[in-house]
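Presented below is the structure to which this report refers.
The structure presented is a predicted model; accordingly, all values stated were derived computationally and were not measured. Every chain is numbered from 1, with letters handed out A, B, ... down the list of sequences.
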Number of protein chains: 2
Amino acid sequence: MSIQEVARQAGVSVATVSRVFNLPDKVTPATRDQVREVARQLGYLPNASARTLRTQRSRVIGVVLPTLLNPVFAEAFSGIARAAAQAGYAILPCTTDYRVAQEDQAVQQLLAANVEGMVLVVSSPETSTALQRLAEAGLPYVLAYNRHAAHPCVSVDSEQAVADLVARLAGLGHRRIAMVSGQLAASDRAQQRCRGFQRGMAAAGLGLGTVLEVPFVETAVSEIAARLQAPGRPTALVCSNDLLAIRSLRAAHLAGLAVPAQISITGFDGIALGQDLTPTLSTIAQPNADIGQRSVELLVQALQPGAEPLRPAASLTLPHHFREGESCAAAMAGS
Amino acid sequence: MSIQEVARQAGVSVATVSRVFNLPDKVTPATRDQVREVARQLGYLPNASARTLRTQRSRVIGVVLPTLLNPVFAEAFSGIARAAAQAGYAILPCTTDYRVAQEDQAVQQLLAANVEGMVLVVSSPETSTALQRLAEAGLPYVLAYNRHAAHPCVSVDSEQAVADLVARLAGLGHRRIAMVSGQLAASDRAQQRCRGFQRGMAAAGLGLGTVLEVPFVETAVSEIAARLQAPGRPTALVCSNDLLAIRSLRAAHLAGLAVPAQISITGFDGIALGQDLTPTLSTIAQPNADIGQRSVELLVQALQPGAEPLRPAASLTLPHHFREGESCAAAMAGS
DNA sequence: TTGTACGCGTTATCAT
DNA sequence: ATGATAACGCGTACAA
């Protein structure tokens, strides 16, 4: 069903049909209605490829995420989708499974698809070749969750958040606090949160904290449980994200420890599910949907004809907050 | 960066450049390598819109899902993405938030985007206007999770699964078994599972089962908890999906009931997270990634030039299984 | 083996 | 207000 066919059936030129859809004011109400009716009957839909080719504007935003299996990114995706629809853009998402090679490939694919800009969550902005490629192509982009002085980012101050959290735990009487982190090399967020942890530990006079790095999801629970059964076990576990915190809850159970009576556990991300668990998850809540939404808004702004290019200084640090849950309490006296 | 530019710089015609990428055998190795080199230097990527317009093949599959916030669909999406990439297709996802109007809109958008086919999870195939539209457009499609005699579907036998589950619970001594369901009108799966529940109850000689319909996520926990505190509370809760089961676990806790000692709770879907909870979730596990994958494979098959159109008879019923968890046990004697 | 030229469906320019 | 037509970037039939 093409514009040609509609024009023929309506007895007008293709130009008129095109105008009916794009500049309805420039056409007589009578013919306008008639063309619309014909189009409706024929089920005509303007061909997006042809339009993109002709206008050099796809009205599509590319989205690069590690995975949608982690609800934190699914939540951000919702925000992205909403904001994009709001601004009249479609979105084309790609997942990378935290693999740098896939980031590269995703960016390539999105470039070929003529996206006008991208919102990305990359492993590490510092070393990302995908970002280099993007910069070379001169395509506007915004990083979400990532934090880096050389790029426009929308994120929260993870480092500060974790440092404050450690202070809070210390205030609750905890002395042996350990961090549970995913693969540090795979994400700048993990690194920032780890730095925040060490900063908090030092500030609380607790020395160098121990970090348990659990690279593989499959073995995470048993590794954490093992650590909890070793001598000198921590009384509080600061987890780098909510999924790890949930696994830590499980590990504590397997180790025979009651939460929060014998051990406190905190997460990071604020996924909705945390509030339905028992115990409810104490966590540093990020405004995930907002992060997605604001990223798109920033991008769309830069996509306006005649807009300034996006500068790193446009970066946004959104507020986070500690979400009080049942998984965290004062340290037992004498423990 | 267009094919023109590459041709100019390489000193060949655009036809040759095109052939280098599409029919590399039909061009001399020497010129082929040289063109490739020039293309690489210039960062040339074939324009997908132009290619789609010219070939009338987009190599894109549209995907319509209720939401990605429910991990069951995020898991299916992974399978879809994997299978599509495998077959050389890109995917264009849309979420509908369980709203029929959005389904319609999504299908429209995907049609305009020239997708070659679609994989959809709709609210109810019976009443879906979006599916009608699709059929009219003559575009191949596969339904995932939905189950309907008039459409090609990839799903599990939810009704049988729940009926079997009720039999199992009855075998464990449970007599007062209730179902917790989301909005029945919003999903054919919920209806099937409900039918399975009633069938199982009747078969076990337990009469007509009571179904607690909790339409709103926000109030689900308190509604369930209220039911658990009313007289004649059930000793087992059969939940229509895992997220509801998780909320039921919470509700049981709030009602002061121990799981599974005082009440058994089962889910449906088999989201990965269920295995990390405490208690681990007893659930009917669907092969979510497989459902997505097989849906795409079915679709891709029908997309081959000269392939038969997709018939409802091509529908696939994949195996499910009861995943034994800690949230389910024998009924207390005398309860 | 390589090049020329047309057309895919649109939008936009320029006439009428 | 409306129509004729060029051009977007590409693939391919056909010519050389």
Specify the separation, in whole Å, of atom [atom1] of [X] and atom [atom2] of [N].
X: Arg8(B); N: dG9(D); atom1: CZ; atom2: C1'; result: 16 Å
X: Phe21(B); N: dG9(D); atom1: CZ; atom2: C1'; result: 13 Å
X: Arg54(B); N: dT10(C); atom1: CZ; atom2: P; result: 16 Å
X: Asn114(B); N: dC10(D); atom1: CG; atom2: P; result: 17 Å
X: Gln4(B); N: dA7(D); atom1: CD; atom2: P; result: 12 Å
X: Asn47(A); N: dT10(C); atom1: CG; atom2: P; result: 5 Å
X: Arg57(B); N: dG9(C); atom1: CZ; atom2: P; result: 16 Å

Exercise for the section: By nearest nucleotide on DNA chain D, pick out whichever of Ala15(B) and Thr16(A) is the more 5' one. Expected result: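 Per heavy-atom nearest nucleotide, the more 5' residue is Thr16(A).
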Practice task
Specify the residue among Ile3(B) and Val12(A) whose closest nucleotide of DNA chain D lies further upstream toward the 5′ end.
Solution key: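 On the 5' side of the pair lies Val12(A).
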Practice task
Assert yes or no for the condition that the ring centre distance of Phe77(B) to Phe77(A) is strictly below 6.0 Å.
Solution key: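 That pair fails the under 6.0 Å test.
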Practice task
With the side chain counted from C-beta on, respond yes when Arg51(A) and Asn22(A) share a heavy-atom pair under 4.5 Å apart, and no when they do not.
Solution key: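 SC-SC contact between Arg51(A) and Asn22(A) confirmed.
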Practice task
Describe the nucleic acid contact of Ser18(A) in one word from base, sugar-phosphate, nothing, applying a heavy-atom distance below 4.0 Å.
Solution key: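 Counting heavy atoms under 4.0 Å across all strands, the contact made by Ser18(A) includes a base.
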Exercise for the section: Using a 4.0 Å heavy-atom cut-off across all strands, classify Leu23(A) as base, sugar-phosphate, or nothing. Expected result: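 Touches nothing.
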[N] phosphate, OP1 or OP2, under 4.0 Å from [X] side-chain N/O:
X: Ser13(B); N: dG3(C); result: yes
X: Thr31(A); N: dT2(D); result: yes
X: Ser49(A); N: dC8(C); result: no
X: Asn22(B); N: dG11(D); result: yes
X: Gln56(A); N: dG9(D); result: yes

Handout entry: No-H, no-angle donor-acceptor pair, Arg51(A) side chain to dT10(C) base, under 3.5 Å
Key =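 Result: no qualifying N/O pair found.
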Problem - Base dG3(C) paired with Arg19(B) side chain (donor-acceptor, <3.5 Å) - result: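 Between dG3(C) and Arg19(B), which were checked side chain against base, a qualifying N/O pair under 3.5 Å is present.
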Examine distances only and state if a side-chain atom of [X] and a backbone atom of [Y] form a donor-acceptor pair shorter than 3.5 Å.
X: Asn146(B); Y: Val122(B); answer: yes
X: Ser128(B); Y: Leu131(B); answer: yes
X: Arg147(B); Y: Arg189(B); answer: no

Handout entry: Among dA5(C), dC10(D), dG3(C), the one nearest Val14(B) by side-chain distance
Key =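 Of dA5(C), dC10(D), dG3(C), dA5(C) is nearest to the side chain of Val14(B).
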Handout entry: Tyr44(A) side-chain proximity, nearest of dG9(D), dT2(D), dT10(C)
Key =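 Given the options dG9(D), dT2(D), dT10(C), the side chain of Tyr44(A) is closest to dT10(C).
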Exercise for the section: Just say parallel, tilted or perpendicular for the rings of Tyr145(A) and Phe73(A), cut-offs at 30° and 60°. Expected result: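 Rings of Tyr145(A) and Phe73(A): perpendicular, as their planes differ by over 60°.
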Problem - Leu53(B) vs Lys26(B), nearer the 5' end of DNA chain C by closest nucleotide - result: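 This one resolves to Lys26(B).
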Exercise for the section: With DNA chain C as reference, determine whether Ala50(B) or Gly11(B) sits nearer its 5' end, using the nearest nucleotide of each. Expected result: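 The residue whose closest nucleotide sits nearer the 5' end is Gly11(B).
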